[in-house]
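Only this structure's heavy atoms are used, side chains among them; waters, hydrogens and symmetry mates stay out. A, B, ... follow the sequence lines: proteins, then strands. Residue 1 opens every chain.
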2 protein chains.
Amino acid sequence: MSKKQLLLKAAEAKVRTGGYNNFSFRELADEIGIKSSSVHYHFPTKADLGAELARQYTDNFLTNLGAPEALIAQGKKPIEVYLQQFQCALTEDKKMCLCGLLGAETDGLPEKVKTQTQRFFVQNIEWLTHAYMQTDGASEHTAKGQAIAALSLLEGAMLVSKAMNDTAIFTTASAGLLATR
Amino acid sequence: MSKKQLLLKAAEAKVRTGGYNNFSFRELADEIGIKSSSVHYHFPTKADLGAELARQYTDNFLTNLGAPEALIAQGKKPIEVYLQQFQCALTEDKKMCLCGLLGAETDGLPEKVKTQTQRFFVQNIEWLTHAYMQTDGASEHTAKGQAIAALSLLEGAMLVSKAMNDTAIFTTASAGLLATR
DNA sequence: TCGTTATTATCTATCAGTAGATACACAGGT
DNA sequence: ACCTGTGTATCTACTGATAGATAATAACGA
């Protein structure tokens, strides 16, 4: 794994713990055994690092999911898979969603970080909209409403679980999503 | 309004914009026209300020709501009032919920700030649990589940609305809460 | 093949600015 | 005399960022 990726990995942990202002170039550099000036070689500014972080997080998130159509073809329910991906982020990493945290502090972020954070939400709503259109046969408008509600519930469930330090909260909060309709 | 309250007010705006690490004693001091050393007179450490901020926010939030019983006595639906209080925080202040943001970055906070942040969620879940028990006649266990789901949905709806910079998202996301059951 | 040039990734050293925090002085009101 | 609130001055530590040197590797032309 390249130093650049190691930097991003270290930064992700920091940001998911305490937000964009919770890491410094020196901390990251120390963690992977280089000097802070070398971090600037890979990322000219902190905003560049933050933007790349959000970009990769979004891409990995969606790649790991796969397309809703593909999941259905495998006999899986997209919403269940989606919920589980959120749950894993919370229980395995024991951390908040990166873009959830960045989204909450969006007005305090550099422009390019904000833009990449928004992209996470846009793409997730698109994914969920397609999923609902196919499983429920809903209209695009209806499905988009369901998508926004589902995304909000899951981000909020993570947030409340973290705040209360109790992963059972996530399960309770998200139970309604799986109800057969 | 006392300097102490002015400091808290200024700090609230900063934290709700970019999290706990998004304000400094100097910034607050400059805003209200005193020196940073004088801020330490009112709040010995930054953690003290943060904790007091979360404490007052929680108290004000619950005071403004009133007890669920009292709302019912006035012919109001507690969940509707509760939802509207969240919506006002978002649309009037144009900011994220203070404790929502602090909750998301809980693992990066000083202990006493974390404790006060948790208190917000504990008390809100209690409030909602009572509300659901009375309006739905649900058991305490069932009502607590509804409470956790409602709180998660609303915090998440705020977060996604902020991230997407679109308050209509909040309305869409929270619409399901008002459905007559 | 050999020598030259370019690129990549790191280093040392340093900068101006800001962070939270402290010691101590001072004024005004009780 | 004391308490409250503020100010001056200062400390150490850390921030993101830059300049310039260095070593290692890759690419290229004669």
Need the bend value for the helix from C:dT1-D:dA30 to C:dT30-D:dA1: angle between end axes, 5 pairs each end, nearest 10°. 10°
Grab the [atom1]-[atom2] distance between [X] and [N] for me, whole Å please.
X: A:I34; N: D:dA23; atom1: CD1; atom2: P; result: 19 Å
X: B:N21; N: D:dA13; atom1: CG; atom2: P; result: 20 Å
X: A:L49; N: D:dG16; atom1: CG; atom2: C1'; result: 12 Å
X: A:Y20; N: D:dT15; atom1: OH; atom2: P; result: 14 Å
X: A:K35; N: D:dG16; atom1: NZ; atom2: P; result: 16 Å
X: A:L28; N: D:dT15; atom1: CG; atom2: C1'; result: 13 Å

Donor-acceptor side-chain pairing of [X] and [Y] below 3.5 angstrom:
X: B:Q146; Y: B:D136; answer: yes
X: A:N124; Y: A:Y82; answer: yes
X: A:T45; Y: A:D48; answer: yes
X: B:E52; Y: B:Q56; answer: yes

Check the hydrophobic clustering (I, L, V, M, F, W, Y; side-chain heavy atoms under 4.5 Å; chains of links allowed) and say if B:V122 and B:L102 are grouped together. yes
Shared ILVMFWY cluster between A:L65 and A:L153, side chains joined below 4.5 angstrom? yes
Quick one, A:T117 and A:V113 - any side-chain contact, counting heavy atoms below 4.5 Å? yes
Heavy-atom contacts, protein to nucleotides 15-30 of chain C, under 4.0 Å, summarised as B (base), S (sugar-phosphate only) or - (none) per nt, yield ----BBBB--------
Would one find a side-chain N or O of [X] under 4.0 angstrom from OP1 or OP2 of [N]?
X: A:K3; N: C:dT10; answer: yes
X: B:H42; N: D:dT4; answer: no
X: A:Y41; N: C:dT10; answer: no

Take A:D59 and A:R55 through the test salt bridge (charged side-chain N to carboxylate O under 4.0 Å, His left out) and record every step on the way to the result. CA-CA 6 Å; A:D59 287 351; A:R55 203 190 60 75; 3.0 Å; yes
Kindly say whether the aromatic ring centers of A:F61 and A:F86 come within a distance under 6.0 Å.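 Here the rings of A:F86 and A:F61 have centres that are less than 6.0 Å from each other.
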